[in-house]
Amino acid sequence: MSQRQHQESERLQRSRLWLSVRAPFLFVLFMMLAGLAAVLFLPAPEQVALVTDAMLILLVLCPSALLVFALLICASALVLQMRRWGGRARSPLRRLEALTASAHQRVDGWLCGVDGHVLDWALRFAPVRSLLTMFDAPQKSEDEAES
């Protein structure tokens, strides 16, 4: 690379740096100083409120909107990728669905067995339960509870 091309490349790089970093920084700094000057020199609270609203929009809402826009772009790119990957994922998902269906049947059968044993033991201990509640205080009926 010649000396002239190298100097041209450095000049182009400095101008890109100026546009990408320094210019927005100076713009925000200028807006903050202008807002500070306006707050100091404007006597009415309504005028100060206008300046603070403008500063809020410039310093908070505009960057937030840019961030949300970038997130929306990323989300749309992910949706497009998911549409491409959907065909590849269909077979493993069907295998997983069959696996969970068989697991559901096994667990359901086991729970039916447990339910049968619990009911069997509940019937066996029914006389004992009546003995356990023999000395409890009598419960009030609904008519007595309302009055």
Result block: side-chain N/O donor-acceptor pairs under 3.5 angstrom for residues 58-73, not counting sequence neighbours:
| unit_1 | atom_1 | unit_2 | atom_2 | d |
| --- | --- | --- | --- | --- |
| S64 | OG | V60 | O | 2.7 |

Any L111 side-chain heavy atom under 4.5 Å of V107 side chain:
yes
Inter-residue atom distance R124.CZ - D120.CG, 0.5 Å rounding
4.0 Å
Rounded to the nearest 0.5 Å, what separates atom OG1 in T100 from atom CD in Q105?
10.0 Å
Can you name the residues that form a side-chain contact (heavy atoms from CB on, under 4.5 Å) with Q81, not counting sequence neighbours?
R84, W85
Once side-chain contact (heavy atoms from CB on, under 4.5 Å) is applied, do any residues pair with R106, and if so which ones, sequence neighbours excluded?
S102, A103
Around atom CZ of R94, are there more than 12 heavy atoms of other residues, nucleotides or ligands at under 6.0 Å?
no
